[in-house]
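One-based numbering, in listed order, for ligands and for the atoms of each. Side chains are part of it too, since the values below use all heavy atoms of this structure and drop only hydrogens, waters and symmetry mates. Please read these numbers as outputs of a predicted model, since none were measured by experiment.
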Amino acid sequence: MTTDLDRVVLIGVAGDSGCGKSTFLRRLTDLFGEEFMTVICLDDYHSLDRQGRKKAGVTALDPKANNFDLMYEQIKALKEGNAIDKPIYNHETGMIDPPERIEPNKVIVIEGLHPLFDERVRSLLDFSVYLDISDEVKIQWKIQRDMAERGHSYDDVIASINARKPDFSAYIEPQREFADVVIQVLPTQLLEDSDLLRVRLIQKEGVKNFEPAYLFDEGSTIDWRPCGRKLTCAYPGIKMYYGPDSFYGNEVSILEVDGQFDNLEEMIYIESHLSKTGTQHYGEMTELLLKHRDYPGSNNGTGLFQVLVGLKMRETYEKLTSTTTKQPAQVSS
Ligand SMILES: Nc1ncnc2c1ncn2[C@@H]1O[C@H](COP(=O)(O)OP(=O)(O)OP(=O)(O)O)[C@@H](O)[C@H]1O
Ligand SMILES: O=C(CO)[C@H](O)[C@H](O)COP(=O)(O)O
């Protein structure tokens, strides 16, 4: 087929199941538009179905249960502007369904357990994020969802997290090293036994087409307590941090928010102290948060950083597409 797409931009969203990938993708849709963004769930590249995994004694997180050759070939084809016939993993039956045709699009997002696992797939990505949820928080979120919506017991939830843990540590978590940004979600340091969150945005330095966002003064180290006249906060307030660090031996800069925002309208105060956010007009970040105040995490650092990472993805997209000189339409067999 031929396509008039000048440049297909490929984004990777990595993380365990139940770590907020769908919420993040809904926020991305606001920025790219549903029509121009196609999401591919990498569960569709499971090579073993549920029964096959049971027989082989492997989990879906194990590379042996996934077809990375096909993943690479198909993602590469999409990036080159060609349509693919992608397999479908059916979560209801646990079986592999007949394939579906996927056309290339301006933005292709590959999301799931392994977008950064295979070196060949990784090399195709234009920007990537890893959603890094600490065990304590993962348990909290899974309990909320799986007990309330899926009828699982507390013990089921803990058992399923524990059963996945060895493969998660072996195959999923190490992908953090390769992400351009990591959104790390940890329990608060402001109070003991609280469900408040401390959220860190770990931004890799030196990545092409990506300049990390910063607070006040680029490259310095800042501790900021923004609560006061311009930001109302309930006890124990909010603590923000910005500074340089190293992560898997890479130079990074970290932005951090610990605590919860009481009045989302006042987010403009925080936004006006952040720079290189990728916004296209003053207050855009606050507007995007306010648009979906009902999404989980909108009143803490998870929502704020998901929006910020989305804006940086859009900025990367703009940079890549504005520098592309128009190529003749591709012809493939
Ligand atoms: N920022 C957040 N704050 C609080 N809870 C959250 C947050 N993000 C997600 N959750 C909780 O985790 C659940 C799973 O979120 P989401 O569906 O976005 O994750 P997912 O990674 O797409 O999951 P899956 O792959 O299992 O579909 C939500 O229903 C919600 O209960
Ligand atoms: O980690 C997962 C990603 O969503 C799933 O557990 C994996 O895809 C297997 O799915 P299922 O449990 O429905 O067979």
For ligand 2, indicate whether the residue Asp16 contacts it via side chain, backbone, both or neither (heavy-atom separation under 4.0 Å).
-> neither
In this structure, atom 2 (C) of ligand 2 is nearest to the protein heavy atom Arg164 NH2, 3.8 Å
Results of ring pair (Phe, Tyr, Trp, His ring centres under 6.0 Å) for Tyr269 - residues two or more places apart only | Trp224, His273
Going by heavy atoms, is Glu92 under 4.0 Å from ligand 2?
-> no
Scanning both residues in full, the closest heavy-atom pair of Asn90 with Arg50 reads O-NH2, 4.4 Å
Are any of the N or O atoms of Ser17 closer than 3.5 Å to those of ligand 2?
-> no
Verdict with supporting geometry, Thr38 and Val107, side-chain contact (heavy atoms from CB on, under 4.5 Å) | CA-CA 6 Å; Thr38 299; Val107 179; over 6 Å; no
Are there more than 12 heavy atoms of other residues, nucleotides or ligands under 6.0 Å from atom CD of Glu218?
-> yes
Under 4.0 Å from ligand 1, residues with heavy atoms, in chain and number order, are Asp16, Ser17, Gly18, Cys19, Gly20, Lys21, Ser22, Thr23, Trp141, Gln144, Arg145, Pro296, Gly297, Thr302
closest protein heavy atom to atom 8 (O) of ligand 2 is His46 NE2, 2.7 Å
Record the part of His91 in heavy-atom contact with ligand 2 below 4.0 Å; permitted values are side chain, backbone, both and neither.
-> both
Atom CE of Met147 with >12 non-hydrogen neighbours under 6.0 angstrom = yes
Where does His114 meet ligand 2, judged by heavy-atom distances below 4.0 Å: at the side chain, the backbone, both, or neither?
-> neither
